[in-house]
Amino acid sequence: MARKLWLDTDPGFDDWMAWALLEADPQFHLLGVSVVAGNAPLPVTLANALAIRALHGFTTPVFAGCARPLAQPQSTAQDVLGAHGMRSTGPLLPPASHGLSAGHGVQALVDAVRAHPGQVTLLAVGPLTNVATAFALAPELPQLLQALVIMGGSTVGGNATAAAEFNIHADPEAAARVFDSGIPVAMFGLNACRQLAVGDGHVQQLRTLRGEAARIFTGYFDGYVDLARVRGRAAQALYDPTPVVWLARPELFTLQPGRVEIELGGRYTRGMTVCDLRPPARARANAQVALQAQGRPALEWVMERLLALLART
Ligand code: RIB
Ligand code: CA
C-alpha cells in the first residue's frame, strides 16, 4: 500500500520540485497540500500552488493555511527570490483561478490525520506555522502521525541569518512548539540538503523534453540554478526535495538522534536550531538529524522522476 503523506509548503521552486516528486512516485499517496506564507506572502505562495497544480494536472486538494507567523512580523525570501517567490528564465507559470479547496489548511490537515490514525507522514517544507497551529488545535495530533519530516534548520549555521535557516527563522515560535510536541522530528537541515545540488548539466537534461509543462518547469529550474550562478557557484542546493528522497530511499542517508532546541531569545541567534548530538543528548532526543547524504544516487533518483513526470504532463 502506498505511503500516505500530507505536504505543508510555501512554493517556492524547491517546494514545487518536492511536490512533483511526491506526485510522480506511486509509492506515495498525497492526501492533501496545505499552503503557508514563507518564501512569499500567502496570496503569492497559494497562487503558485494552484498554478503548479493546474500546470501538471495534479488532483490533490490544496488548502490555504496560515498567513502570519505566530509571534513576529512576517519575513519572506522575496528579496532573493523575487516578488513571486521564484524566478524563471523562460515562460511564466500560467495563473490558475481554480483548484482551491474550501476550509482552512490547518483544519484539513487535522481532519486527514484523524481519518487515518498512525498512517500519515507529515512533510513540512516551509515555516512551521500551519503545523504548530494544527498541534494547538488538536493536541493529540503528534501521537496520531506516523512521522513528521521537515526541511528546516541546520547544524552548520544559517542562510536567513548567520545562525538561522529560513524556515525556522520565519517562525521560530512555531518551530519551538513543533520540536517540543513529543513526536520525533526527522530534520533535514542545510547541512544535509547542500549535499544534493543541481547545475547546468541537470538543466540540459530537462531541456531534452518537449511539451509546455516541461518548458515552463525547466525555465523555473534554470532560474533556481541561477541563484547559484549569480553567486559564482556552479550548483544550487536542492533543499525541499531532499527529505522526499529520504522517504523513498532512506538507505542513501545517515541520520543521528539528538536534542534540537530552537533559540528564541538570542539577539544574533534567534531562529537557530541548537543541535546537541552528544551521546548524553540522545536520551533526550526530540529529533533525528540528517547528517550525511549520498548525493549522486539521490540526484539520479530526483532527475529520473522529474523527467518521467514531465514527459507525461
Ligand atoms: O532554507 C531553505 C528553505 O527556505 C526551503 O524550504 C525554501 O523553499 C525556503 O522556504
Ligand atoms: Ca520551502
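Just follow the structure's listing: the first ligand is 1, and inside any ligand the first atom is 1.
Among the atoms of D14, none of the N, O or S atoms falls under 3.0 Å from the Ca ion (ligand 2). Backbone or side-chain N, O or S atoms of V125 reach the Ca ion (ligand 2) at under 3.0 Å.
No side-chain donor-acceptor contact under 3.5 Å links Q119 to the backbone of Q146. Between the side chain of R259 and the main chain of R284, a donor-acceptor pair closer than 3.5 Å is present.
Less than 4.0 angstrom separates some heavy atom of D14 from each of these atoms of ligand 1: 5 (C), 6 (O), 7 (C), 8 (O). Of all the atoms in ligand 1, the ones that sit under 4.0 Å from a non-hydrogen atom of D15 are 8 (O). Proximity to M151 (heavy-atom distance under 4.0 Å) selects the following atoms of ligand 1: 2 (C), 3 (C), 5 (C), 6 (O). Of all the atoms in ligand 1, the ones that sit under 4.0 Å from a non-hydrogen atom of V125 are 6 (O). Short contacts between ligand 1 and D10, defined as distances under 4.0 Å to a heavy atom of the residue, involve ligand atoms 10 (O).
W19 and F58 have tilted rings, their planes meeting at an angle from 30° to 60° on a 0 to 90° scale. Taking the six-membered ring where the residue is Trp, Y220 and W16 present tilted rings, their angle falling between 30° and 60°. Between F13 and F221, the ring planes lie perpendicular to each other; the angle is over 60°, past the 30° to 60° tilted range.
Ion pairing between a basic and an acidic side chain is recognised when a charged N comes within 4.0 Å of a carboxylate O; E23 and R305 show no such pairing.
With respect to atom 6 (O) of ligand 1, the closest heavy atom belonging to the protein is D240 OD1, 2.6 Å. Protein heavy atom nearest atom 9 (C) of ligand 1, with residue, atom name and distance: N39 OD1, 3.2 Å. Among protein heavy atoms, the minimum distance from atom 2 (C) of ligand 1 is reached at E165 OE2, 3.4 Å.
The name of the N, O or S atom in D240 nearest to the Ca ion (ligand 2) is OD2. Checked against the Ca ion (ligand 2), the N, O or S atom of D10 at the shortest distance is OD1.
Proximity of L122 to I183: side-chain heavy atoms (C-beta onward) are nowhere separated by under 4.5 Å.
The CG atom of L310 lies 6.0 Å from the OG1 atom of T218; values are rounded to the nearest 0.5 Å.
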